[in-house]
Every structure is written in C-alpha cells, then in structure tokens.
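Note that the structure is a prediction, hence the values are computed from the model and not measured.
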Amino acid sequence: MPRQATAFAPASAGNAAVGFDILGFALAGAGDTVTVRRIAEPEVRIREIRGAPHPLPLEAPRNTAGVALEAMRRALQLPLGFEVEIDKGIALGSGMGGSAASCVGALVAANALLDRPLPRHALYPFALEGEAVASGGRHGDNIGPMLLGGLVLATADRLVRIPVPEEWHSLLVHPEAVLETRRAREALAGSYELSGFVAQSANLALVLAGCHAGDATLVRAGLRDVLVEPRRAALIPGFAAAKAAMLDGGAMGASISGAGPSVFGWFENRASAEAAAPAVQAAFATAGLESQAWVAPLDSPGASLL
C-alpha cells in the first residue's frame with residue numbers, strides 16, 4: 001500500500017451560464033497539485049501551501065482540503081490520518097474553482113492511499129464539505145467536473161456527466177482581478193420575477209438537449225444567463241465588451257465563469273476559440289486589466305493521479 005500520492009485537479013467554470021450552482025465544466029491547462037501522505041495519527045495536517053499570493057489557512061478546519069479529508073476520515077472511520085501539501089495553480093478569487101480544486105485534489109490523492117479506494121462519485125459528499133468552507137454553501141458545480149471531467153450536472157446528491165461533441169471547445173479569459181465568491185453571492189440578494197426562472201429553466205433545457213444531440217443551434221438558443229449575470233456584470237470591469245468579443249468571434253454563448261471575474265465562451269471548434277481570444281483580452285486591456293486565456297476541449301479530463 002503506497003504511503004504517498006499526488007493528484008492534479010483542473011480548473012473549472014461553475015454555473016455554465018444557465019445552471020447556477022448545479023452545472024459546470026472542466027478546463028484543461030490550469031489546476032492545483034496536491035500531495036497527500038498517510039500518517040499514523042488520526043488527524044489531518046496541512047503542512048504547506050505554495051503558489052498562493054497571500055497566506056491561506058494551514059489549520060485543517062479552515063482549509064478546504066483539510067475539511068474534505070476530515071469528512072472522509074469520519075465517514076469511513078479511518079484509524080489513520082493525512083498530511084497535505086498544496087501547490088496552487090489557480091488564481092484566488094478568479095471564478096475558476098480554486099478552492100474546489102484543492103479539496104478535490106486532496107481527496108483523489110488520499111483515496112489512492114486507502115486499502116479499498118472509492119469510486120469518484122463517492123468522493124462527492126466529502127468535497128461538498130470542503131467547498132462549503134470557502135463559498136459558504138454546499139454546491140457542486142465546480143466539484144463535479146473536477147471529479148468526473150467534462151460538463152457535469154451536480155445536484156445535492158448526484159453527479160451526471162453530460163455528453164458533448166469532442167470538437168466543441170471552451171475559451172476562458174481571466175482578467176488580473178480578484179472577485180471573492182462571497183461578495184459575488186451578495187450581489188444576488190433580492191427578489192426575482194417568476195418569468196425569469198421560467199426563462200432560465202428553458203435556457204438550461206435547451207443547452208442540455210443541445211449537448212446530448214450535438215446540436216449547436218439549440219445551445220446557441222439557450223446559453224444565456226438571465227438571472228445571475230445581470231446582477232454580477234457590474235462587478236467585472238470590461239465584462240460587457242469581453243462578452244461581446246466572445247459572441248462576435250462566433251461563440252455559441254458566453255457568460256461569467258463561476259463567481260467571476262473570468263469570462264467563458266463555448267465554440268464549435270478549437271480554431272474559432274483561439275481566434276476569439278485576442279479580442280476578448282483586448283477588451284479587458286481597454287478596461288485596464290491584463291489577462292490570461294485558456295482554450296480547452298469542453299470535454300476536458302477531470303482530476304488525475306500523477
């Protein structure tokens with residue numbers, strides 16, 4: 001039985017415009033790397049976190065990876081413990097699932113150290129516990145795609161991977177700005193019209209149907225956020241111009257990635273996504289923000305052991 005394992009958990013884009021807190025997709029190219037060691041003491045220790053621009057909690061009860069691993073320990077009644085090292089590869093407050101990546105990476109690595117490793121979906125409840133530390137809520141739109149890869153529907157107790165054509169790609173552009181998840185969620189306070197929920201439900205249905213059928217026309221008709229994006233857009237300098245650049249470049253739809261400030265678009269092929277990236281970055285530059293861009297298959301892989 002190995003005493004140490006290392007896992008890579010990719011970035012992800014939560015909400016996917018039409019599935020607030022329940023739909024997200026993995027993003028190959030960026031992610032966190034987590035090393036976990038078995039220890040005799042029945043506890044979780046966060047030994048070191050590298051790559052973060054400012055200190056993150058090393059106390060396990062305040063750390064997403066620590067809470068997730070402790071939830072696993074309790075549920076499985078493990079007589080052993082874990083020591084963790086995290087190398088951050090996802091910017092904090094970027095809307096790319098940085099907090100979720102740390103706990104998913106830790107769980108995948110720790111799972112490899114068990115006498116009887118669990119299937120990926122069985123790690124989901126533990127990851128939800130960890131994610132709640134950072135976001136204040138148990139939502140799996142980042143966790144699901146990190147665990148399973150691709151586009152994933154994540155309900156309270158179930159993960160469903162949604163099939164998408166292999167040629168479809170995402171473009172994600174992250175402006176060099178920080179938007180904390182809790183602040184972004186505060187912007188959603190207040191009442192909503194029932195008609196808005198009906199329209200968003202219709203959009204979600206169109207997107208899911210379009211993905212299953214490989215029908216870009218259906219996705220183009222539905223990939224629009226009429227509930228959350230209007231309340232968060234003002235928090236992101238240059239958002240309107242960046243979104244317009246995505247759509248002008250041929251995106252099937254574009255919106256805020258997770259809580260923001262990153263912006264994503266879905267494209268029918270890689271070439272279109274790559275061609276649109278400079279204009280989106282130029283839009284953020286006009287707003288005074290440098291940015292990074294990633295182009296990846298919409299069906300990108302989930303977390304993996306290294």
Do any N or O atoms from the side chain of [X] and from the backbone of [Y] form a donor-acceptor pair under 3.5 angstrom?
X      : Y      : value
Arg270 : Ser170 : no
Asp32  : Ile90  : yes
Arg3   : Arg37  : no
Asn15  : Asp21  : yes
Arg231 : Ala187 : no
Arg120 : Leu148 : no
Glu83  : Arg45  : no
Ser257 : Gly95  : yes
Glu129 : Val67  : no

Among the clusters formed by ILVMFWY side chains lying less than 4.5 Å apart, do [X] and [Y] turn up in the same one?
X      : Y      : result
Val44  : Val34  : yes
Leu305 : Ile143 : yes
Val133 : Tyr124 : no
Leu204 : Val164 : yes
Val178 : Leu289 : no

Inset, instruction - Decide if atom CD of Glu176 counts as having more than 12 heavy atoms of other residues, nucleotides or ligands within a radius under 6.0 Å. - result: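 Yes, the 6.0 Å shell around CD holds more than 12 heavy atoms from other groups.
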Legend entry - Glu193 CD: over 12 foreign heavy atoms closer than 6.0 Å: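 Counting other residues, nucleotides and ligands, CD of Glu193 stays at 12 neighbours or fewer.
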Can you tell if the side chain of [X] reaches within under 4.5 Å of the side chain of [Y], non-hydrogen atoms only?
X      : Y      : result
Leu107 : Leu69  : yes
Phe284 : Val263 : yes
Phe126 : Leu118 : yes
His54  : Leu56  : yes
Leu27  : Phe264 : no
Ser12  : Phe25  : no
Leu58  : Asn63  : no
Asp225 : Ile256 : no

Which atoms form the tightest heavy-atom contact between [X] and [Y], and what is the distance?
X      : Y      : result
Ala65  : Ser102 : CB-O, 3.7 Å
Gln281 : Ser291 : NE2-O, 3.0 Å
Gln200 : Ala17  : NE2-O, 3.3 Å
Ala303 : Pro10  : N-CD, 3.6 Å
Cys211 : Leu151 : SG-CD2, 3.7 Å
Ala13  : Leu172 : CB-CD1, 4.2 Å

Inset, instruction - Assess whether side chain to side chain contact (heavy atoms under 4.5 Å, CB included) is satisfied between Leu80 and Leu113, documenting all intermediate values. - result: CA-CA 11 Å; Leu80 53 88; Leu113 304 179; over 6 Å; no
Inset, instruction - Test Met96 against Trp294 for side chain to side chain contact (heavy atoms under 4.5 Å, CB included), laying out the working first. - result: CA-CA 11 Å; Met96 297 171 63; Trp294 290 267; 3.7 Å; yes
Legend entry - Stepwise salt bridge (Lys or Arg N to Asp or Glu O under 4.0 Å) test for Asp299 and Arg161: CA-CA 10 Å; Asp299 203 30; Arg161 186 163 178 169; 2.7 Å; yes
Legend entry - Stepwise side chain to side chain contact (heavy atoms under 4.5 Å, CB included) test for Met246 and Phe267: CA-CA 9 Å; Met246 289 271 194; Phe267 293 79; 4.0 Å; yes
What is the distance from atom [atom1] of [X] to atom [atom2] of [Y], rounded to the nearest 0.5 Å?
X      : Y      : atom1 : atom2 : answer
Glu274 : Leu171 : CD    : CG    : 9.5 Å
Leu78  : Arg73  : CG    : CZ    : 6.5 Å
Arg50  : Thr33  : CZ    : OG1   : 9.5 Å
Glu41  : Arg38  : CD    : CZ    : 12.5 Å
Arg220 : Asp215 : CZ    : CG    : 10.5 Å
Leu188 : Arg232 : CG    : CZ    : 4.5 Å

Inset, instruction - Check the side chains of Ser99 and Glu131 for a donor-acceptor pair under 3.5 angstrom, ignoring hydrogens and angles. - result: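 Glu131 vs Ser99: donor-acceptor pair found between side chains.
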Inset, instruction - Return the set of residues passing side chain to side chain donor-acceptor pair (under 3.5 Å) with Ser94 (not counting sequence neighbours), or none when no residue passes. - result: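 Not a single residue meets the side chain to side chain donor-acceptor pair (under 3.5 Å) criterion with Ser94.
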Legend entry - Residues Leu208, Ile162; criterion side chain to side chain contact (heavy atoms under 4.5 Å, CB included); working and verdict: CA-CA 7 Å; Leu208 295 179; Ile162 308 300; 4.2 Å; yes
Legend entry - Salt-bridge present (Arg224, Glu229; N to O < 4.0 Å):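 No salt bridge links Arg224 with Glu229.
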